[in-house]
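What follows is a single structure, written as structure tokens, with notes after it.
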Amino acid sequence: MIPLFDRFPRLAEALPYVPLGNFPTPVERCDTFGVALGHDAIYIKRDDVSGEPYGGNKVRKLEFLLGKAMRDKRREVLTFGYAGSNHCLATAIYARELGLGSISMLLPQPPSQSLRRNLLLSHAVGAELHHYSSRPAIVCGTLLQLARHQILRGKAPQMIPAGGSSPLGVTGFVNAAFELRNQVDAGLCPEPDLLYVAVGSMGSAAGLLIGLKAAGLKTRLTPVRVIETGMASPEKLARLIARTQAFLRDRDPAFPTRSFVLADCLLRDEYFGDGYGQFTPEDAEAIALIDQTQHVHLEGTYTGKTLAALIGDARRGALAGKTVLFWDTYNSRPVWDATGHVDYHILPGVFHRYFEGALQSLDTQPL
Ligand SMILES: *Cc1c(COP(=O)(O)O)cnc(C)c1O
């Protein structure tokens with residue numbers, strides 16, 4: 001039984017859920033990394049090993065979202081992301097494990113090694129990939145694909161929003177806070193004062209903000225924005241929190257609804273750089289530092305920028321005396337073998353541009 005259902009049994013009856021991952025994920029002290037920063041209480045929450053064959057933060061959301069697709073007897077799911085989307089890849093992998101097809105609706109993103117790998121992996125696990133140059137184009141494309149798949153398969157695909165951040169998906173991260181609470185109670189880590197997490201589609205941050213309060217933890221969240229303000233802002237985060245709390249309250253009146261004001265939803269902006277998926281020098285330094293000290297492998301779009309915020313705060317003395325937790329949201333399971341040295345020409349032609357142009361100079365990730 002997952003910690004949220006333990007605490008709120010009526011949610012267990014009301015919510016769709018299919019176990020996909022290995023939970024609880026470990027929480028570990030970062031000794032060597034801490035020494036490099038002159039800080040002795042930095043911990044990491046290892047959502048990078050949240051599932052097999054693929055970890056990362058999307059597994060928590062997919063347990064609920066794909067649970068719903070199964071309950072509703074869908075045959076396929078259709079979801080959205082940028083071209084290198086970890087969410088679309090995770091969805092494709094776990095949908096296939098459940099016997100569901102998947103369709104990924106993708107928008108342009110600066111090229112990188114991890115983007116190339118994710119496209120090849122998505123193709124290898126059977127995802128149907130579509131690329132659109134703009135938001136209006138993706139809206140039209142979605143209507144078309146929904147109709148086409150309804151005709152082909154006799155049933156419309158289940159739509160899953162970008163990043164899996166609907167109230168149902170966010171519930172996975174409400175549960176994550178209760179999981180952390182259990183680990184603190186069991187003495188596996190001290191109660192964190194601060195928790196750093198990346199903010200893309202905002203579901204992880206929204207779920208943690210709700211869950212930390214509901215679980216009675218004093219931990220303050222430091223959400224680090226890595227995406228344009230049109231996608232993530234305090235106003236949008238507050239709205240997602242309100243929708244999720246109402247969703248849970250409707251299904252179990254015992255679930256506490258706390259008031260969140262905009263001041264509770266402020267996002268850290270200084271590590272964003274020039275754009276989503278555009279790497280920064282601080283980003284590259286953070287990735288190298290935790291790789292060398294802890295052998296933890298991050299990437300430049302989300303986790304590198306988030307860890308750069310933690311490092312920056314530590315260096316200016318803002319973390320003195322505090323217990324700090326870094327939530328690792330990036331998959332670390334070795335998946336590349338699944339595609340070996342596949343030629344990108346097997347992908348639809350619109351994706352070839354990501355393999356033919358130059359990579360960003362700060363892209364240090366080995367393929
Ligand atoms: C999707 C993703 C995030 C962002 O999580 P959201 O819940 O969408 O805000 C962070 N890190 C990685 C590696 C991701 O793939």
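First listed ligand is number 1; within each ligand, the first listed atom is number 1.
Between F178 and F5, the closest side-chain pair of non-hydrogen atoms is not below 4.5 Å. In this structure the side chain of N22 reaches within 4.5 angstrom of the side chain of E52, judged on heavy atoms.
When the heavy atoms of R225, M231, K58 are ranked by distance to atom 14 (C) of ligand 1, first place goes to K58.
An N or O contact shorter than 3.5 Å links G203 to ligand 1 by distance. Of the N or O atoms in G200, one or more lie within a sub-3.5 Å distance of an N or O in ligand 1. Between Y330 and ligand 1, no pair of N/O atoms sits closer than 3.5 Å.
Per-residue contacts place A198 under 4.0 angstrom from the following atoms of ligand 1 (heavy atoms of the residue considered): 9 (O), 10 (C). Short contacts between ligand 1 and N86, defined as distances under 4.0 Å to a heavy atom of the residue, involve ligand atoms 13 (C), 14 (C), 15 (O). Close approach of ligand 1 to S204 (heavy-atom distance below 4.0 Å) involves ligand atoms 5 (O), 6 (P), 7 (O). Remark: ligand 1 atoms within the under-4.0 Å shell around heavy atoms of K61 are 6 (P), 7 (O), 8 (O). The contact set between ligand 1 and V199, taken as ligand atoms under 4.0 Å from a residue heavy atom, comprises 9 (O).
Using a 3.5 Å distance cut-off with no hydrogens or angles, the side chains of T79 and H87 do pair a donor with an acceptor. There is a side-chain donor-acceptor pair under 3.5 Å between H131 and Y354. Inspection of the D313 and Y196 side chains reveals an N or O donor paired with an N or O acceptor under 3.5 Å.
Nearest protein heavy-atom contact of atom 5 (O) of ligand 1 is N57 ND2, 3.0 Å. Remark: minimum distance from atom 8 (O) of ligand 1 to any protein heavy atom is reached at S201 OG, 2.5 Å. Protein heavy atom nearest atom 11 (N) of ligand 1, with residue, atom name and distance: T329 OG1, 2.6 Å.
Of the charged side-chain nitrogens involved, none lies within less than 4.0 Å of a carboxylate oxygen, so that K236 and E228 do not count as a salt-bridged pair.
M202 counts as a contact of ligand 1, since one of its heavy atoms falls under 4.0 Å from the ligand.
The salt bridge (Lys or Arg N to Asp or Glu O under 4.0 Å) with D193 is formed by just one residue from the set K218, R220, K322; it is K218.
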- Query: Would K61 and S165 satisfy side chain to side chain donor-acceptor pair (under 3.5 Å), going step by step from the backbone distance to the final call?
  - Reply: CA-CA 8 Å; K61 303 175 183 185; S165 291; 3.2 Å; yes
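The six-membered or imidazole ring of Y54 lies away from that of Y94, with a centre-to-centre distance of 6.0 Å or more.
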